[in-house]
Every structure is written in C-alpha cells, then in structure tokens.
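To start, the structure itself, in structure tokens.
Read the numbers this way: they start at 1 and go in the same order the structure lists the ligands and their atoms. All values reported here derive from a predicted model rather than from experimental measurement. Residue numbers start at 1 and run along the sequence shown.
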Amino acid sequence: MPVSSFLANMLWQYLDNCEAMIDDEFMNKLANIATELKTGGIDMEFETKCLHAGYTPKNGEPRVLPITQSTTFTYDSTEAIGKLFDLEEAGYFYTRLANPTTGAVEAKIAALEGGVGALCTSSGQAATFLAILNILESGDHLVASSCIYGGSYNLLAHTFQKMGIQVTFVDQDLPLAELQKALQPNTKAVFAETIANPAMRVLDIEKFAQLAHDHQVPFIIDNTFATPYFCRPIEFGADIVIHSTTKYLDGHAVATGGVIVDSGKFPWDNGKFPQLSTPDETYHGIVYTETFGAAAYITKARVQLMRDLGATPSPQNSFYLNLGMETLPVRMDRHFENAMAVAQFIQEQKTIATVTYPGLPGDTSYELKEKYLPRGLCGVISFEITAGRKAAAQWLDALKMVSREVHVADIRTCALHPATSTHRQMSDEELTAAGISPGLIRISVGIENIQDILADLAQAFEQMEG
Ligand SMILES: *Cc1c(COP(=O)(O)O)cnc(C)c1O
C-alpha cells in the first residue's frame, strides 16, 4: 500500500467519525483532499490520469514507473517491522501483499474507476474469486446474471457450489420486481457484467444496484469489456468493480491480470457482514470497518485473502499493465470507431443472419448503450453466418491479416469460430441449445487501418461458399 493510500485511509476514517461535527462544505474539502491523496493526482482529466495517476517521481527519480523486481524490503528495526505486521503503519515487506510497481498500478486504476482503493491479482479469474470470497462464505448465496463470461460461470456454478456458496442465475433483462424474487435472506451480493462477454448485452446498471441495495448487499460488477474510459459503474451505484486486465487495460496481449476496485461507499457495518465489522483474530482483533473506514473491504481483501491465497501479479506484469493503460483512451476510441465500421459492413453482407453490436441502432442493447456508454464500446462483435458451421469455418480459414485466436481485446484484430474451437465437442443441436449457433463468429476488432481490416473481411466473404 503506498504511503499516500495509508494517509488517505486515515483521513477517510477521520471523516467517518467526525461527520456530525463539521459543516458540509468543510467535509467536501476534506473528502477532496482524501481522494487526491488516494489517487496521487490533483483533479486530473481521465486521459491525464492514465499517464500520471499513481506514480509521481521526486527529484532525480525515474520518469517511467520502475519495476521493483524484489520480493522483499528491508527495515531498520524489529519495532518498525512489527508496526507493519500489526497494520499500524503502511509499507512494503513482501511482494505477495504489496509491491511499489503493483501499488502504483492499483492507485492508477482506483483513480480511473473513482474508487478509494484497488487490489491487483494474477488474473481476472482471481479477481472475481477474491472479490466474492471477501464477503461470502459457506452457507451464503449470490445472485448473478446468467449472461456472464464462461470462466466466471464455471467459478460461480461449480467451484463456489463445492465451497458451500449457492448461486442463482437470473435473466438480467427482467424487470426489478421479477429479479427481486431471486434474493434470499442469506443473499450477500449481486453480480453482473457491464457488457456481457461474449453475448455483447449491456446491463441496466442502476437496476442491478437498486436490486442489491434494497436488500442491503453490495453490487459487484465486471467492467472488463467497457473499461473505465467508456463507463465507470461506481457513478451508477456499483459498489465493487472488477476487471480482467488481460483484456483492454493491458490491450497488447502481453500480461494476464485482474483487479478489484472498492468504491468505498458500501456500509459494511449494517449487520450483514461480520467478517468486516467484527474482530479479525489473525491481526490481534482488528475490526476492518473501524480501523480502515471507507477502505475496509479492499484492505481486508489484501491483508487477509491475498495473504492466504497468494494470487499476486508479478511486478513485471504490473509494469506491462501500466504501459498499456497509458494509451487506453486513444486505443479505445480507435477500437470503437473501427468496430462500428466493421459492424455496419458485416450487416450489409447477404450471407449473414444476425450481427450483435450494441453500437448499431436497432441492436437490443442500443438504448442501454446510449445511457451507460454514450461515447463508445469495445471492439467485440458477434455475427452469424447463415449457412452454418462449414461455411463459418471456411470464412475464418480464408482470413489473411486477421488472426485466428482464442482471445479478445487485443490491438490486433482477431476472430474465433466457437463451433470449431472452444465448443468443438458439441453437436449442432447441443450448440443451439446453449445459445451458440453453429455459424457464429466472434471478431475482436483491433486498431489497424480500417481499410485493411475491411479488405481482409471482404475477401474472406468472397471465398466462402454458400
Ligand atoms: C477474460 C475475462 C475474465 C477472466 O479473466 P482472465 O484474465 O482470463 O483470468 C473475466 N471476465 C471477463 C468479462 C473476461 O472477458
């Protein structure tokens, strides 16, 4: 944890305790100072934060965030080390818990999402796992959208089930009153994705936040496909935001990673979350909500779960992630511009049954896209080749520049045919039952010159039979 985060935590805590005593204007000023300390930046615009938040070199220090490739840190006395272990002072002692390179990246992402703190993990899967396990335990229940990433679905439906955590999956487009029927007395969180991967459906974020808050539980949202450049779910009521940074935040397909961001807004002392509001004996009886105030959730995730489970990113990967995020706004604008052109081009093809891209007027998610992502979306499009499995495979094989890959969100355009790759063990009938048509193609549009992308797609359509 950078020292500034520690100071900010202390300030937040102070604010929580003295709320009744001071007038609003003074409180707002203090809150702004706390946020500045937290993000290491002074009132910067998003694009500027991508470059400057999280790391401010002092006189003579490296301009570029250095890689602190050290597992360990040295101290002058046993007393100084003791204070770290008792969580009385913040500092680095072991890279599993905190590292200066990773810490700078965490501060940057917290600033970009508008949270009070963040925790980087070794992958997106680890972020989802830790974000939920931080507040749910055996006997608890989670409500999740059925329209989520396959890896998250497996984690929730199978691994959590084995751990005694039950999950109810819901159709995210149902009205609030219908969704409420899925909540149980032991429901401890609600989970969904801003833009579902691979379904490309946009979530009504405010509806899900209300669903959770009416039940006094947090709303955890996976914001991977939207990125904080296009959507900051905390502004619409989400409490915890997670990412697979492997996708657009890195953007160059070089480093697997994940992150959990804490909005600092959820009242964990409401009686439903004793893990946060009663003593943790492994730290001499510390109570997270009392000692860490607004940063209780993210501090517990680090000092308890990361300590015990160890899904830590390497400093080298944090460096790559930081490098990627520096150009996030420029890349995302281009991904969106190119994807709109590709979606329109595909829509004009006679051999196509459907195109799914929420940027297209007429798409089922278009209105939600206009509300929550008015400035743009990611580059992932799915479409269906009417003639089915064989024709779709032919189309994919005919591509020259666009690569065949099981990945999305790369700066290079890539495409995938689930029926002959990720889902190849399934028959046409089984695929259709799972909501994946045999002719379905998923394309992740990159940032090449649009003419080259369209030319490659066009020649593949020409070569395809049927
Ligand atoms: C890829 C992905 C994940 C999992 O992330 P990994 O970094 O591959 O572990 C989770 N959620 C979404 C939406 C994803 O696209």
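- A cation-pi contact links R375 to Y229, judged by a cut-off of 6.0 Å to the six-membered ring centre and 45° from its axis.
- Counting only heavy atoms of the protein, atom 12 (C) of ligand 1 lies nearest to D222 OD2, 3.4 Å.
- Side chain of S365 to backbone of L368: no donor-acceptor contact under 3.5 angstrom is found.
- Residue contacts with ligand 1: E193 is placed with no nitrogen or oxygen under 3.5 Å of a nitrogen or oxygen of the ligand (distance criterion only).
- Which parts of ligand 1 touch N197 is read off a 4.0 Å heavy-atom cut-off, strictly below it: atoms 14 (C), 15 (O).
- Each of the atoms 6 (P), 7 (O) of ligand 1 lies under 4.0 Å from some heavy atom of T246.
- For the 3.5 Å distance criterion, the side chains of R424 and T420 fail to qualify, holding no donor opposite an acceptor.
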Evaluate the criterion salt bridge (charged side-chain N to carboxylate O under 4.0 Å, His left out) for residue pair D452 and K400; output intermediate values, then yes/no. CA-CA 10 Å; D452 292 325; K400 290 184 176 141; over 6 Å; no
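- Atoms of ligand 1 found under 4.0 Å from any heavy atom of G257 (numbered from 1 in listed order, with element): 7 (O).
- Shown in contact with Q125 at under 4.0 Å from a heavy atom are these atoms of ligand 1, numbered in order with element: 4 (C), 5 (O), 6 (P), 9 (O).
- Heavy-atom contacts from other residues, nucleotides or ligands closer than 6.0 Å to CD of Q184 number more than 12.
- Shortest contact from atom 4 (C) of ligand 1 to any protein heavy atom: Y149 CE2, 3.4 Å.
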Is there a side chain to side chain donor-acceptor pair (under 3.5 Å) between Y92 and N99? Walk through the geometry before answering. CA-CA 6 Å; Y92 302 101; N99 169 279; over 6 Å; no
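- Considering backbone and side-chain N/O of F225, none are found under 3.5 Å from N/O of ligand 1.
- At a cut-off of 3.5 Å, with distance as the only test, a side-chain donor of E405 or S403 sits close to an acceptor on the other residue.
- With ligand atoms numbered from 1 in the order given, ligand 1 contributes 7 (O), 9 (O) to contacts under 4.0 Å with heavy atoms of S123.
- Remark: ligand 1 atoms within the under-4.0 Å shell around heavy atoms of K247 are 1 (C), 2 (C), 3 (C), 14 (C), 15 (O).
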